[in-house]
2 protein chains.
Amino acid sequence: MHATMPTTKKTSAAAGKPRTAADALDRFDFQSDSLGYALRRAQVRAYGLFFEMLGALELSPARLTALSTIAMETDINQATLARRLNIAGPSALKLIDALEDAGFIRRKDVANDRRSYSLALTAPGKAMLDTLRANLAAYEARLASRLTAAEREQLLALLSRVAS
Amino acid sequence: MHATMPTTKKTSAAAGKPRTAADALDRFDFQSDSLGYALRRAQVRAYGLFFEMLGALELSPARLTALSTIAMETDINQATLARRLNIAGPSALKLIDALEDAGFIRRKDVANDRRSYSLALTAPGKAMLDTLRANLAAYEARLASRLTAAEREQLLALLSRVAS
DNA sequence: TATTGTTATACTCTATAACTATA
DNA sequence: TATAGTTATAGAGTATAACAATA
């Protein structure tokens with residue numbers, strides 16, 4: 001259910017958090033006092049902070065996911081990446097193109113199979129991930145700032161049971 | 001971050017839950033044991049159940065929100081609806097057109113201002129909301145099925161503090 | 001035949017700009 | 001001038017279909 005982050009500078013929305021009409025699900029009055037409603041509101045705040053944390057980085061959530069997947073599975077090819085992300089091939093291609101254009105990854109020829117490329121992080125890509133790790137720590141702290149450590153653990157446990 | 005629900009019958013995805021690359025945010029390994037990650041996973045399940053509940057109804061989350069807003073604020077006009085939903089005028093227009101085409105609402109002329117229409121639910125629209133209320137109760141029960149009543153209350157309280 | 005990467009195309013949702021008719 | 005509704009257009013994201021090169 002996620003919106004997307006425009007990374008082109010031309011769009012005036014590039015600086016802000018994406019909005020959808022569904023964001024106003026708050027107005028769904030018979031959802032008051034519902035768990036779905038509470039989850040949504042908390043997640044809206046989490047996503048807002050997450051997006052803010054992403055800030056001016058040349059990344060959208062989707063590209064961030066692709067980048068971290070490539071980091072975890074070095075020399076992955078495009079078809080495998082698409083399967084990992086559960087998206088269509090052409091969609092993966094666009095993410096890869098964007099990450100390559102941004103200089104975070106590069107395509108390398110594969111020795112035994114001239115059809116496929118192997119994807120790997122560049123030095124700037126690794127630096128970006130390091131930056132993200134630091135930013136994420138701050139994000140987590142902000143998100144849980146109104147909870148004690150014990151309450152945070154409690155919440156994590158309850159959420160994991162809801163998530164199934 | 002939100003995906004959308006196709007309601008046209010032409011799309012093969014019309015029957016399924018929408019997918020985005022950001023859905024695979026799970027792969028973001030340095031989000032493990034994070035509150036943001038736990039929130040997202042729980043919300044993904046909630047949204048999945050929610051979407052399943054919506055089922056074959058001629059509604060998307062956005063249209064559902066617009067419908068319930070009109071129900072709560074009878075004779076609202078388009079510009080006000082757009083402000084309530086925090087969306088642009090033309091976006092509201094499309095929602096309204098869709099809801100009117102589906103027969104759930106109707107535009108009525110306003111006495112003192114010939115520029116604006118007043119929006120109100122039709123009988124089928126009210127019936128749809130009644131159906132939704134029933135379906136939502138079942139949805140809530142499924143979502144909290146792994147929690148006791150006390151745990152559910154605890155979770156609601158913690159979530160409301162995270163939501164700020 | 002099957003797979004990898006790619007291009008072409010289409011669809012949904014959203015937004016901004018500009019128009020019209022009223023106020 | 002300002003506002004309500006509308007139209008036109010554009011952009012981000014997604015998907016499917018079809019293709020060339022290679023396996």
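Just so we're on the same page: letters track the sequence lines, and every chain starts at 1.
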(request) Would you jot down, in residue-number order, the residues of residues 113-121 of chain B having a non-hydrogen atom under 4.0 Å from DNA chain C? (result) Asp113(B), Arg114(B), Arg115(B)
(message) If I take atom CD1 in residue Ile87(B) and atom P in nucleotide dA15(C), what distance separates them, rounded to the nearest angstrom?
(response) 7 Å
Would you tabulate the pairs of protein nitrogen or oxygen atoms and nucleotide nitrogen or oxygen atoms of nucleotides 17-20 of chain C closer than 3.5 angstrom?
none

(request) Scan Asn112(B) against the nucleic acid and name what it touches under 4.0 Å (heavy atoms): base, sugar-phosphate only, or nothing. (result) sugar-phosphate
(message) Whether Asp97(A) and Lys94(A) form a salt bridge (side-chain N of Lys/Arg under 4.0 Å from carboxylate O of Asp/Glu) is what I want to check.
(response) no
(request) Measure from CG on Leu93(B) to C1' on dA8(D) and round the result to the nearest Å. (result) 12 Å
(request) May I have the distance from Asp109(A) (atom CG) to dT4(C) (atom P), rounded to whole angstrom? (result) 16 Å
(request) For Asn86(A) and dT14(D), give me the distance from atom CG to atom C1', rounded to whole Å. (result) 13 Å
(message) Without decimals, in angstroms, what is the distance between Ile76(A) CD1 and dT4(C) C1'?
(response) 14 Å
(request) Any side-chain hydrogen bond (donor to acceptor under 3.5 Å, both in side chains) involving residues 155-164 of chain A? Give me the pairs, sequence neighbours left out, ordered by first then second residue. (result) Arg161(A)-Glu151(B)
(request) Please state how far atom NZ in Lys108(B) lies from atom P in dA4(D), giving the value in whole angstrom units. (result) 18 Å
(message) Rounded to the nearest 0.5 Å, what separates atom OG in Ser118(A) from atom CD1 in Ile105(A)?
(response) 10.0 Å
(request) Please list all pairs passing the salt bridge (charged side-chain N to carboxylate O under 4.0 Å, His left out) test where one or both residues lie in residues 118-129 of chain A, with sequence neighbours left out. (result) none
(message) Checking Arg142(B) now: which residues fulfil side chain to side chain contact (heavy atoms under 4.5 Å, CB included) with it, not counting sequence neighbours?
(response) Leu49(B), Glu52(B)
(message) Given 3.5 Å as the limit, does a donor-acceptor pair link the side chain of Gln78(A) with the main chain of Ala92(A), or not?
(response) no
(request) Drop me the distance from Leu119(B)'s CG to Asn77(B)'s CG, to the nearest 0.5 angstrom. (result) 7.0 Å
(request) Under 4.0 Å between any heavy atoms, over every strand shown, what does Ala79(A) touch: base, sugar-phosphate, or nothing? Just pick one. (result) sugar-phosphate
(request) Write down the distance between CG (Asp75(B)) and P (dA4(D)), rounded to a whole number of angstrom. (result) 16 Å
(request) May I have the distance from Asp97(A) (atom CG) to dT6(C) (atom P), rounded to whole angstrom? (result) 7 Å
(request) Please tell me which of Arg107(B) and Ser91(A) maps to the more 5' nucleotide of DNA chain D, matching each residue to the nucleotide holding its nearest heavy atom. (result) Arg107(B)
(message) Side chain of Asn77(A) only, heavy atoms from C-beta on: which candidate in dT14(C), dG5(C), dT6(D) is closest?
(response) dG5(C)
(request) Examine distances only and state if a side-chain atom of Arg106(B) and a backbone atom of Thr122(B) form a donor-acceptor pair shorter than 3.5 Å. (result) no
(request) Could you list the residues that satisfy side chain to side chain contact (heavy atoms under 4.5 Å, CB included) with Ala138(A), not counting sequence neighbours? (result) none
